[in-house]
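As structure tokens, the structure follows; a few thoughts come after it.
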Amino acid sequence: MQWSDQELARRENLEEARNLGLNPYPAMAFPVSHVASDIYKGFPDNPENFKKVVLAGRIMMKRIMGKASFAELQDSSGRMQIYIARDEICPTEDKSHYNLLFKKILDIGDFIGVSGYIFTTQTGEITLHVQELTLLSKSLKPLPVVKTKIDEQTGEEHTYDAFTDPELRYRQRYVDLIVNPAVRETFKKRSKIITAMRRFFDDRGWLEVETPVLQPMHGGAAAKPFKSHHNTLDMPLYLRIANELYLKRLIVGGFDGVYEIGKMFRNEGMDRTHNPEFTSMEIYVAYKDYVWMMEMVEQCLSYITFSVNDGKTKVPVGEHEIEFAGPYRRLTMFDSILEYTGINVSELDEAGLRAVCSSLDIQVDDTMGKGKLIDEIFGAKVEKNLIQPTYITDYPIEMTPLAKKHRSKEGLVERFELFVNGKEIANAYSELNDPIDQRERFEDQLTLAARGDEEAMALDEDFLRALEYGMPPTSGLGIGIDRLTMLLTNNASIQEVLFFPQMKPEKTETTVSANLSFPEANVPEEWVSHLFSLGYTNKEKVLEAGIGKVANELNGWRKKKKLELKGVSPEMVKEWFS
RNA sequence: GAUCCUGUAGCUCAGCCGGUAGAGCAUAUCACUUUUAAUGAUAGGGUCCUGGGUUCGAAUCCCAGCGGGAUCACCA
């Protein structure tokens with residue numbers, strides 16, 4: 001591990017601090033009296049309340065002017081400028097606390113505690129005049145220094161040297177959060193959205209519950225799961241792709257309303273709107289139907305938007321302004337296709353639908369049934385046009401095995417999805433509670449599976465048994481929390497609303513010593529430890545990664561570590577493991 | 001999985017048609033007791049993601065690999 005000049009300087013400063021008799025990582029608590037925002041709020045009207053203030057935070061900038069200095073202290077609420085005069089923090093002849101500790105030892109990123117009084121500088125900035133300064137924690141890595149300037153004429157804020165590299169921002173989210181205040185705000189808002197939603201449901205008497213994340217069979221949605229194994233029971237377990245079937249069991253058990261906010265896991269592609277784990281909210285309410293649910297969703301979303309958006313229900317999203325106050329437009333799936341393509345698909349059979357798809361240039365394959373074909377047309381031609389919140393209702397029965405048949409329309413189910421800004425954010429049914437019908441629907445899914453549909457739903461006997469005991473008429477709803485957050489924070493990428501989005505692992509340097517070897521392989525002694533360092537601890541891992549990749553990484557490692565070894569070729573590596 | 005873009009100092013970036021690297025901030029030293037992208041002066045810091053090829057010579061061209069982004073495909 002090579003340290004940069006700046007890291008070396010910081011380690012020297014750490015030693016300096018110890019030489020001065022300071023503990024760079026003191027154990028005791030440091031009680032503060034305020035956070036920065038308290039002071040901005042309170043000082044202008046009641047300056048007399050700020051004669052003795054204790055703050056703690058991270059130094060984000062130092063402006064040293066000889067015997068006096070300014071610095072910026074960042075705490076959880078924001079930044080506060082502090083003013084430090086040498087002769088004030090060093091009243092005696094010994095000026096080391098200022099000359100050494102403040103000017104030299106303290107680096108950008110260090111945590112300090114300060115106490116003093118609040119005043120206003122000549123240029124009008126509210127500032128803490130420091131009388132006492134304590135080192136609370138030393139930082140050994142240099143932070144990106146982001147500077148901002150407010151244009152005097154326009155009042156606009158200019159940012160210089162912003163920390164923007166998405167890879168670094170996601171891999172080192174802690175750095176992102178330190179230097180990019182807007183990122184902190186996004187995640188605060190995410191938390192407020194969830195809190196508001198929870199309050200809305202709790203106020204109506206519905207019960208927050210938890211259901212299994214590890215499930216012996218994955219049901220309730222069409223998706224590929226992550227598979228794991230339980231050793232004691234010696235059986236496969238799957239990370240849930242949905243919790244629908246468990247929540248319905250709870251309705252069978254007699255609760256009138258249950259909801260769960262939690263992670264779901266789907267082993268599928270990743271992109272701007274998909275992460276392998278994501279957060280969803282599902283709610284089931286007894287004695288209701290999907291028409292009632294549409295009103296509930298309108299109230300819920302307008303309540304959430306109002307709560308997190310300073311009393312406004314209109315939200316800017318990309319180039320649009322979206323109004324979350326209801327009622328939302330309601331359009332049947334067939335009518336929406338008619339509206340955007342001019343084609344009435346309601347009377348068509350499978351062959352007719354295929355013809356429509358090919359005339360519209362939509363790719364289809366043989367495994368697709370009628371419902372899937374209609375969904376394809378909808379996805380290609382309608383979805384992207386639904387900017388303002390719009391309910392699409394009454395879906396074909398084939399693609400919705402858990403929804404109740406429509407009360408009056410043959411071949412359809414009572415289902416709606418809510419689209420906003422061209423994306424689905426909610427999905428709801430009048431839930432199917434007829435156990436005989438449900439069994440048939442599962443059997444239809446088995447047929448689809450036989451036809452090659454990998455995501456057809458499995459038959460869950462215990463769930464059917466629960467329905468046979470009787471489930472009241474119920475309406476259920478799922479909302480994608482990540483996508484809702486994206487909308488309300490005006491972010492186009494799911495990675496911006498997840499603290500730690502999934503990434504390929506970064507190569508980290510670990511030093512491995514001891515006598516290591518590869519059984520069943522003929523690796524030259526001098527390379528063994530380096531293979532271990534790269535994470536290749538057995539033959540299987542090497543083969544899994546691929547010979548070419550391993551050879552490449554070894555060469556990169558050799559160069560990086562300046563090893564006195566000759567480079568390797570894929571052929572050589574192949575020989576080692578043959 | 002496909003296509004395009006991208007990987008240069010701690011951070012943000014420049015480096016035209018190939019001649020062994022530049023800026024700003026940050027860092028170090030000095031000056032400066034109300035500054036605010038503080039200022040002025042001086043200095044250090046990178047073998048340009050990895051490997052291979054073309055070439056007298058490659059950060060720069062070609063091939064392969066790895067990481068990241070975008071678009072598409074997939075995925076409710």
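Please read these numbers as outputs of a predicted model, since none were measured by experiment. Letters go in sequence order (proteins before strands), and every chain restarts at 1.
Put simply, A/R171 has a side-chain N or O that comes within less than 4.0 Å of OP1 or OP2 on B/G68. In this structure, A/Q495 reaches the B/G69 phosphate: one of its side-chain N or O atoms is under 4.0 Å from OP1 or OP2. Within the 4.0 Å cut-off from OP1 or OP2 of B/A38, at least one side-chain nitrogen or oxygen of A/R63 is found. Residue A/R272 places at least one side-chain N or O closer than 4.0 Å to OP1 or OP2 of B/U71.
B/U71 and B/G52 have their P atoms separated by 36 Å, given to the nearest Å. Spacing between B/G53 and B/U12 at atom P, rounded to whole Å, works out to 33 Å. Comparing B/C16 with B/U60, their P atoms sit 11 Å apart, to the nearest whole Å. Straight-line distance between the C1' atoms of B/G69 and B/A37: roughly 29 Å, to the nearest whole Å. Comparing the C1' positions of B/A73 and B/C17 gives a spacing of 39 Å, expressed to the nearest Å. Look at the C1' atom in both B/A58 and B/U47: the space between them is 12 Å, to the nearest Å. Distance noted for atom C1' between B/A23 and B/G46: 14 Å (whole Å). On the C1' atoms, B/U55 is 10 Å away from B/C61, given to the nearest whole Å.
Taking the six-membered ring where the residue is Trp, A/Y83 and A/F70 present tilted rings, their angle falling between 30° and 60°. Ring pair A/F102/A/Y98 is parallel by interplanar angle, where below 30° counts as parallel and above 60° as perpendicular.
In this structure, the CD atom of A/E16 is 12 Å from the P atom of B/A28, given to the nearest Å. Atom CZ of A/F163 and atom P of B/A26 are 17 Å apart (whole Å). Rounding to whole angstrom units, NZ of residue A/K141 and P of B/A26 are separated by 19 Å. Between the CD atom of A/Q131 and the P atom of B/U33 there is a distance of 20 Å, rounded to whole Å. Rounded to whole Å, atom C1' of B/C32 lies 12 Å from atom CZ of A/R86. Rounded to an integer number of Å, the gap from A/D161 CG to B/U12 P is 9 Å. Residue A/H274 contributes atom NE2, which lies 18 Å from atom P of B/G1 at whole-angstrom precision. Across the protein-nucleic acid pair, A/L14 atom CG and B/U27 atom C1' stand 17 Å apart, rounded to whole Å.
Within 4.0 Å of A/K104, counting heavy atoms only, lie sugar-phosphate atoms of the nucleic acid but no base atom. Nucleic acid contact class of A/T148 (heavy atoms, under 4.0 Å, all strands): sugar-phosphate only. At the heavy-atom level, A/D375 lies nowhere under 4.0 Å from the strands shown. Contact annotation for A/K147: backbone-only contact, meaning every heavy-atom pair under 4.0 Å involves sugar-phosphate atoms and none involves a base. A/R169 comes within 4.0 angstrom of nothing in the nucleic acid, heavy atoms only.
Pair check for B/U3 finds B/A70; Watson-Crick or G-U wobble, both atom distances under 3.5 Å. Of the nucleotides present, B/U50 is the one that pairs with B/A64 by Watson-Crick or G-U wobble criteria, both distances under 3.5 Å. Searching all strands for a Watson-Crick or G-U wobble partner of B/G10 with both distances below 3.5 Å returns B/C25. Base-pair partner of B/C17: not found among the strands shown (Watson-Crick or G-U wobble, both distances under 3.5 Å). Under the Watson-Crick or G-U wobble criterion, with both distances below 3.5 Å, B/G40 is paired with B/C30. When both pairing distances are held under 3.5 Å, B/G57 makes no Watson-Crick or G-U pair with any nucleotide shown.
Ion pairing of A/R11 with A/E7 is absent here, as no side-chain N (NZ or NE/NH1/NH2) approaches a carboxylate O to less than 4.0 Å. A salt bridge links A/R173 with A/D176: at least one charged nitrogen is closer than 4.0 Å to a carboxylate oxygen. Salt bridge annotation for A/E431-A/K248: present, with a cationic side-chain nitrogen under 4.0 angstrom from a carboxylate oxygen. With salt bridges taken as basic N to acidic carboxylate O contacts below 4.0 Å, none links A/R483 and A/E424.
Ring pair A/F416/A/Y328: centre-to-centre distance not below 6.0 Å.
A donor and an acceptor atom sit less than 3.5 Å apart, one in the side chain of A/T121 and one in the base of B/U35. You won't find any donor-acceptor pair under 3.5 Å spanning the side chain of A/Y160 and the base of B/U12, going by distance alone. Residue-to-nucleotide contacts include a donor-acceptor pair under 3.5 Å from the side chain of A/Q81 to the base of B/U35. With hydrogens and angles ignored, no donor-acceptor pair closer than 3.5 Å exists between the side chain of A/E167 and the base of B/G68.
Here the nucleotide nearest the side chain of A/Y83, chosen from B/U33, B/U27, B/C11, is B/U33.
For the side-chain contact (heavy atoms from CB on, under 4.5 Å) criterion with A/H218, the lone passing option out of A/D460, A/I241, A/L239 is A/I241.
Nearer to the 5' terminus of RNA chain B, by closest-nucleotide assignment, is the contact made by A/K67 (compared with the other of A/K504 and A/K67). Across the interface with RNA chain B, nearest-nucleotide mapping of A/P142 and A/T127 shows A/P142 to be the residue nearer the 5′ end.
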